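Notes for the one structure printed next.
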Amino acid sequence: MRFDILTLFPNLFESYLSDSILKRALDQELIDVKFHNIRDYSSDKHHKVDDTPYGGGAGMVMACQPLFDCIKDVKKQNSGPVIFLTPQGERFTQNKANNLAANNKEIILLCGRYEGIDQRVRDQLIDQEISIGDYVLTGGELPAMILIDSIARQIPGVLGNEDSQGEDSFSEKFAGKKEYPHYTKPAEYEGHKVPDVLLSGNHAEIEKWREERLK
Ligand code: 4FM
(Lines give C-alpha, C1' and ligand atoms only; values in the text may rest on other atoms or scores of the structure.)
Protein backbone atom coordinates (compact mmCIF):
# COMPACT_ATOMS: atom_id res chain seq x y z
CA MET A 1 0.00 0.00 0.00
CA ARG A 2 1.30 3.42 -0.97
CA PHE A 3 0.26 6.54 0.98
CA ASP A 4 0.97 10.06 -0.26
CA ILE A 5 0.58 12.60 2.54
CA LEU A 6 -0.05 16.27 1.70
CA THR A 7 0.78 18.39 4.71
CA LEU A 8 2.42 21.61 5.93
CA PHE A 9 4.12 19.60 8.71
CA PRO A 10 5.68 16.38 7.38
CA ASN A 11 7.99 16.18 10.44
CA LEU A 12 5.01 15.41 12.67
CA PHE A 13 4.83 11.91 11.15
CA GLU A 14 8.47 11.00 11.55
CA SER A 15 8.72 9.55 15.06
CA TYR A 16 5.64 7.38 14.70
CA LEU A 17 6.82 5.90 11.40
CA SER A 18 10.41 5.49 12.65
CA ASP A 19 9.70 2.87 15.26
CA SER A 20 8.02 -0.44 15.93
CA ILE A 21 5.53 -2.07 13.58
CA LEU A 22 5.21 0.72 11.02
CA LYS A 23 8.99 1.10 10.77
CA ARG A 24 9.26 -2.63 10.03
CA ALA A 25 6.43 -2.43 7.49
CA LEU A 26 8.26 0.43 5.74
CA ASP A 27 11.61 -1.43 5.87
CA GLN A 28 9.96 -4.55 4.39
CA GLU A 29 8.25 -2.37 1.77
CA LEU A 30 4.82 -3.64 2.82
CA ILE A 31 3.83 0.02 2.96
CA ASP A 32 5.34 3.12 1.37
CA VAL A 33 4.69 6.63 2.67
CA LYS A 34 5.66 9.71 0.65
CA PHE A 35 5.37 13.27 1.93
CA HIS A 36 4.55 16.39 -0.03
CA ASN A 37 4.92 19.74 1.70
CA ILE A 38 2.06 21.91 0.47
CA ARG A 39 4.22 25.00 1.08
CA ASP A 40 6.69 23.80 -1.59
CA TYR A 41 3.90 24.27 -4.17
CA SER A 42 3.13 27.90 -3.31
CA SER A 43 3.93 30.23 -6.20
CA ASP A 44 3.90 33.20 -3.81
CA LYS A 45 7.27 34.84 -3.24
CA HIS A 46 6.91 34.33 0.51
CA HIS A 47 5.62 30.75 0.09
CA LYS A 48 2.27 31.82 1.52
CA VAL A 49 -0.35 29.06 1.61
CA ASP A 50 -3.26 30.79 3.39
CA ASP A 51 -5.36 33.94 3.11
CA THR A 52 -8.22 35.75 4.85
CA PRO A 53 -11.75 34.37 4.34
CA TYR A 54 -14.12 36.04 1.86
CA GLY A 55 -17.14 37.28 3.79
CA GLY A 56 -15.01 37.94 6.85
CA GLY A 57 -14.58 35.99 10.02
CA ALA A 58 -11.81 34.67 12.19
CA GLY A 59 -8.71 32.83 11.09
CA MET A 60 -7.18 31.95 7.78
CA VAL A 61 -8.17 29.66 4.92
CA MET A 62 -5.81 27.44 2.92
CA ALA A 63 -5.84 28.91 -0.58
CA CYS A 64 -6.56 27.14 -3.87
CA GLN A 65 -3.27 27.53 -5.71
CA PRO A 66 -0.87 25.50 -3.55
CA LEU A 67 -3.48 22.81 -2.91
CA PHE A 68 -4.60 22.49 -6.54
CA ASP A 69 -0.99 22.29 -7.75
CA CYS A 70 0.08 19.87 -5.01
CA ILE A 71 -2.88 17.51 -5.40
CA LYS A 72 -2.67 17.53 -9.22
CA ASP A 73 1.06 16.76 -9.04
CA VAL A 74 0.64 13.89 -6.56
CA LYS A 75 -2.19 12.42 -8.65
CA LYS A 76 0.41 11.77 -11.39
CA GLN A 77 2.09 9.25 -9.05
CA ASN A 78 -0.86 7.94 -7.05
CA SER A 79 -4.17 6.95 -8.68
CA GLY A 80 -5.98 6.21 -5.39
CA PRO A 81 -8.73 8.24 -3.74
CA VAL A 82 -7.95 11.71 -2.34
CA ILE A 83 -9.13 11.69 1.26
CA PHE A 84 -9.46 14.91 3.29
CA LEU A 85 -9.35 14.54 7.09
CA THR A 86 -11.92 16.85 8.64
CA PRO A 87 -14.41 16.85 11.53
CA GLN A 88 -17.13 17.27 8.84
CA GLY A 89 -16.22 13.95 7.23
CA GLU A 90 -17.85 10.55 7.54
CA ARG A 91 -16.93 8.87 10.80
CA PHE A 92 -13.96 6.51 10.52
CA THR A 93 -14.78 2.99 11.68
CA GLN A 94 -13.15 -0.45 11.58
CA ASN A 95 -15.42 -1.20 8.60
CA LYS A 96 -14.10 1.83 6.71
CA ALA A 97 -10.52 0.82 7.53
CA ASN A 98 -11.22 -2.70 6.23
CA ASN A 99 -12.75 -1.39 3.01
CA LEU A 100 -9.94 1.10 2.39
CA ALA A 101 -7.35 -1.67 2.95
CA ALA A 102 -9.21 -4.17 0.75
CA ASN A 103 -10.06 -1.86 -2.15
CA ASN A 104 -6.94 0.29 -2.61
CA LYS A 105 -3.26 -0.09 -3.44
CA GLU A 106 -2.75 3.69 -3.20
CA ILE A 107 -4.31 6.43 -1.09
CA ILE A 108 -3.75 10.21 -1.00
CA LEU A 109 -4.30 11.88 2.39
CA LEU A 110 -4.79 15.65 2.59
CA CYS A 111 -4.05 17.22 5.98
CA GLY A 112 -5.45 20.72 6.48
CA ARG A 113 -4.53 23.44 8.95
CA TYR A 114 -6.07 26.78 10.07
CA GLU A 115 -9.85 27.35 9.80
CA GLY A 116 -10.26 25.25 6.69
CA ILE A 117 -9.46 24.81 3.02
CA ASP A 118 -11.04 26.70 0.12
CA GLN A 119 -14.31 24.94 -0.74
CA ARG A 120 -13.28 24.73 -4.41
CA VAL A 121 -10.53 22.25 -3.47
CA ARG A 122 -13.15 20.06 -1.79
CA ASP A 123 -15.55 20.35 -4.71
CA GLN A 124 -12.99 19.70 -7.46
CA LEU A 125 -10.30 17.43 -6.04
CA ILE A 126 -11.46 15.56 -2.92
CA ASP A 127 -13.03 12.11 -3.30
CA GLN A 128 -13.85 11.39 0.31
CA GLU A 129 -13.95 13.27 3.63
CA ILE A 130 -13.25 11.28 6.78
CA SER A 131 -13.45 12.26 10.47
CA ILE A 132 -11.76 10.20 13.19
CA GLY A 133 -14.18 11.58 15.78
CA ASP A 134 -16.39 14.41 16.89
CA TYR A 135 -13.75 16.84 18.15
CA VAL A 136 -11.64 19.56 16.56
CA LEU A 137 -7.87 19.17 16.25
CA THR A 138 -5.24 21.66 15.08
CA GLY A 139 -4.78 19.76 11.81
CA GLY A 140 -5.38 16.55 9.92
CA GLU A 141 -1.95 15.04 10.63
CA LEU A 142 -2.93 12.90 13.65
CA PRO A 143 -6.07 11.65 11.85
CA ALA A 144 -3.97 10.76 8.77
CA MET A 145 -1.54 8.84 10.98
CA ILE A 146 -4.47 6.96 12.50
CA LEU A 147 -5.75 5.98 9.04
CA ILE A 148 -2.29 4.75 8.03
CA ASP A 149 -1.93 2.75 11.25
CA SER A 150 -5.35 1.11 11.06
CA ILE A 151 -5.00 0.28 7.35
CA ALA A 152 -1.37 -0.89 7.54
CA ARG A 153 -2.02 -3.40 10.32
CA GLN A 154 -4.43 -5.29 8.06
CA ILE A 155 -1.84 -5.84 5.35
CA PRO A 156 -0.57 -9.43 5.52
CA GLY A 157 2.87 -9.53 7.14
CA VAL A 158 2.67 -6.13 8.86
CA LEU A 159 1.80 -7.60 12.26
CA GLY A 160 4.52 -9.98 13.43
CA ASN A 161 2.07 -12.67 14.43
CA GLU A 162 -0.15 -13.36 11.40
CA ASP A 163 -2.85 -14.53 13.82
CA SER A 164 -3.19 -11.39 15.89
CA GLN A 165 -5.40 -9.87 13.17
CA GLY A 166 -8.05 -12.59 13.27
CA GLU A 167 -7.68 -13.06 17.02
CA ASP A 168 -8.28 -9.44 17.94
CA SER A 169 -11.13 -7.13 18.80
CA PHE A 170 -13.24 -7.23 15.69
CA SER A 171 -12.73 -10.81 14.58
CA GLU A 172 -15.50 -12.99 13.11
CA LYS A 173 -15.20 -15.34 16.05
CA PHE A 174 -16.41 -12.70 18.47
CA ALA A 175 -19.05 -11.33 16.09
CA GLY A 176 -17.95 -7.70 15.98
CA LYS A 177 -17.48 -7.55 19.74
CA LYS A 178 -14.38 -5.92 21.07
CA GLU A 179 -12.23 -7.63 23.67
CA TYR A 180 -12.16 -9.85 26.71
CA PRO A 181 -9.88 -9.02 29.68
CA HIS A 182 -6.21 -9.87 29.17
CA TYR A 183 -3.71 -11.03 31.80
CA THR A 184 -0.05 -12.01 31.70
CA LYS A 185 2.59 -13.13 34.23
CA PRO A 186 2.87 -12.90 37.19
CA ALA A 187 -0.21 -14.83 38.39
CA GLU A 188 -0.33 -12.53 41.42
CA TYR A 189 0.74 -8.87 41.46
CA GLU A 190 0.66 -6.84 44.69
CA GLY A 191 -2.02 -9.23 45.94
CA HIS A 192 -4.15 -8.95 42.75
CA LYS A 193 -4.73 -12.42 41.27
CA VAL A 194 -5.32 -13.58 37.72
CA PRO A 195 -8.71 -15.41 37.49
CA ASP A 196 -8.15 -19.12 38.26
CA VAL A 197 -9.91 -20.29 35.10
CA LEU A 198 -7.15 -18.75 32.93
CA LEU A 199 -4.53 -20.85 34.78
CA SER A 200 -6.66 -24.03 34.63
CA GLY A 201 -5.61 -25.23 31.16
CA ASN A 202 -9.31 -25.96 30.46
CA HIS A 203 -9.69 -24.39 27.03
CA ALA A 204 -13.47 -24.86 26.85
CA GLU A 205 -13.90 -23.11 30.21
CA ILE A 206 -11.49 -20.34 29.20
CA GLU A 207 -13.42 -19.77 25.97
CA LYS A 208 -16.71 -19.61 27.89
CA TRP A 209 -15.22 -17.18 30.46
CA ARG A 210 -13.97 -14.91 27.67
CA GLU A 211 -17.23 -15.00 25.68
CA GLU A 212 -19.13 -13.94 28.82
CA ARG A 213 -16.84 -10.93 29.24
CA LEU A 214 -16.66 -9.59 25.68
CA LYS A 215 -17.04 -5.82 25.59
C1 4FM B 1 -8.92 19.69 9.62
C2 4FM B 1 -8.02 21.46 10.93
C3 4FM B 1 -8.83 20.46 8.50
C4 4FM B 1 -7.95 22.24 9.82
C5 4FM B 1 -8.51 20.18 10.85
C6 4FM B 1 -8.37 21.74 8.61
C7 4FM B 1 -10.18 16.00 12.25
C8 4FM B 1 -10.99 15.08 12.92
C9 4FM B 1 -9.79 17.34 12.67
C10 4FM B 1 -8.60 19.37 12.08
N11 4FM B 1 -9.81 15.41 11.11
N12 4FM B 1 -11.07 14.01 12.15
N13 4FM B 1 -11.64 15.24 14.07
N14 4FM B 1 -9.02 18.02 11.81
O15 4FM B 1 -10.18 17.79 13.72
O16 4FM B 1 -10.35 14.21 11.06
CL17 4FM B 1 -8.26 22.71 7.21
Side-chain angles (χ1 to χ4, degrees), residues 1-17 22 31 33-44 46-75 78 80-104 106-155 169-170 178:
M1 175 83 72
R2 171 176 170 145
F3 298 94
D4 284 85
I5 317 296
L6 285 48
T7 173
L8 289 169
F9 299 102
N11 292 338
L12 292 179
F13 294 84
E14 239 133 78
S15 76
Y16 206 81
L17 292 172
L22 295 184
I31 61 169
V33 184
K34 298 271 189 266
F35 294 96
H36 308 273
N37 192 328
I38 296 160
R39 195 171 299 283
D40 293 343
Y41 287 84
S42 174
S43 44
D44 175 78
H46 300 112
H47 307 289
K48 201 170 140 70
V49 294
D50 59 341
D51 214 326
T52 53
Y54 277 122
M60 300 294 273
V61 175
M62 289 179 77
C64 281
Q65 181 274 317
L67 286 172
F68 266 75
D69 287 354
C70 184
I71 295 169
K72 285 199 266 180
D73 191 41
V74 171
K75 276 173 162 286
N78 182 319
V82 180
I83 298 174
F84 176 49
L85 289 312
T86 168
Q88 284 92 47
E90 278 183 51
R91 181 67 49 88
F92 193 55
T93 60
Q94 186 63 47
N95 260 331
K96 284 209 170 69
N98 295 348
N99 290 335
L100 285 171
N103 300 332
N104 300 285
E106 303 176 324
I107 293 176
I108 299 173
L109 297 171
L110 172 59
C111 306
R113 284 267 156 175
Y114 317 118
E115 297 313 303
I117 66 174
D118 192 296
Q119 183 62 31
R120 291 167 290 188
V121 176
R122 295 167 93 164
D123 294 343
Q124 303 304 319
L125 294 169
I126 303 299
D127 296 305
Q128 211 177 325
E129 299 194 348
I130 290 181
S131 166
I132 62 157
D134 203 359
Y135 36 78
V136 181
L137 305 169
T138 54
E141 285 79 10
L142 284 168
M145 198 63 253
I146 284 167
L147 259 68
I148 293 170
D149 189 291
S150 63
I151 293 167
R153 70 185 289 288
Q154 304 185 64
I155 297 169
S169 319
F170 298 92
K178 294 175 184 172

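Just so you know, ligand 1 is whichever comes first in the structure, and atom 1 is the first atom listed for that ligand. These figures come from a predicted structure and were not determined experimentally.
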Hey, is the main chain of [Y] close enough, under 3.5 Å, to the side chain of [X] for a donor-acceptor pair?
X: S42; Y: K48; value: yes
X: N103; Y: N99; value: yes
X: Q65; Y: Y41; value: yes
X: D118; Y: A63; value: no
X: N78; Y: I107; value: yes

* Provide the number and element of each atom of ligand 1 under 4.0 Å from a heavy atom of I130. =>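 Going through ligand 1 atom by atom, the ones under 4.0 Å from I130 are 16 (O).
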
* **Atoms in ligand 1 with a heavy atom of V136 nearer than 4.0 Å** =>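 In order of numbering, the contacting atoms are 15 (O).
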
* Closest approach of D127 and G80, non-hydrogen atoms and distance? ->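 Scanning both residues, the minimum pair turns out to be OD2-O, 4.4 Å.
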
Given [options], which one has a non-hydrogen atom that is nearest to [atom]?
atom: atom 5 (C) of ligand 1; options: G116, G59, G139; result: G139
atom: atom 3 (C) of ligand 1; options: V121, L85, L8; result: L85
atom: atom 10 (C) of ligand 1; options: T86, L137, L147, I146; result: L137

* Would you say M62 touches ligand 1, if touching means a heavy atom closer than 4.0 Å? ->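 No, that is not the case, since the closest heavy atom of the residue is not under 4.0 Å from the ligand.
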
* To do: Answer yes or no for L142: is there a heavy-atom contact with ligand 1 below 4.0 Å?
  =>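 No.
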
Would you check whether [X] has a nitrogen or oxygen atom less than 3.5 angstrom from a nitrogen or oxygen atom of ligand 1?
X: G112; value: no
X: G133; value: yes
X: Y135; value: yes

* Using heavy atoms and a threshold below 4.0 Å, how should the contact between P143 and ligand 1 be classified: side chain, backbone, both, or neither? -> side chain

* Should the proximity of Y114 to ligand 1, defined as any heavy atom under 4.0 Å, be assigned to the side chain, the backbone, both, or neither? -> backbone

* Quick one: list whatever passes salt bridge (charged side-chain N to carboxylate O under 4.0 Å, His left out) with K72, sequence neighbours left out. => none

* **Distance-only polar pair, side chains of E129 and T86, donor-acceptor under 3.5 Å** => no

* Who's the nearest protein heavy-atom neighbour of atom 12 (N) of ligand 1, and how far? ->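 So the nearest neighbour among protein heavy atoms is I132 N, 2.9 Å.
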
* **For atom 9 (C) of ligand 1, closest protein heavy-atom neighbour** =>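 Of the protein heavy atoms, P87 CD, 3.5 Å lies nearest.
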
* Sub-4.5 Å side-chain heavy-atom contact between I71 and V121 ->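 Counting from C-beta outward, I71 and V121 do come under 4.5 Å.
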
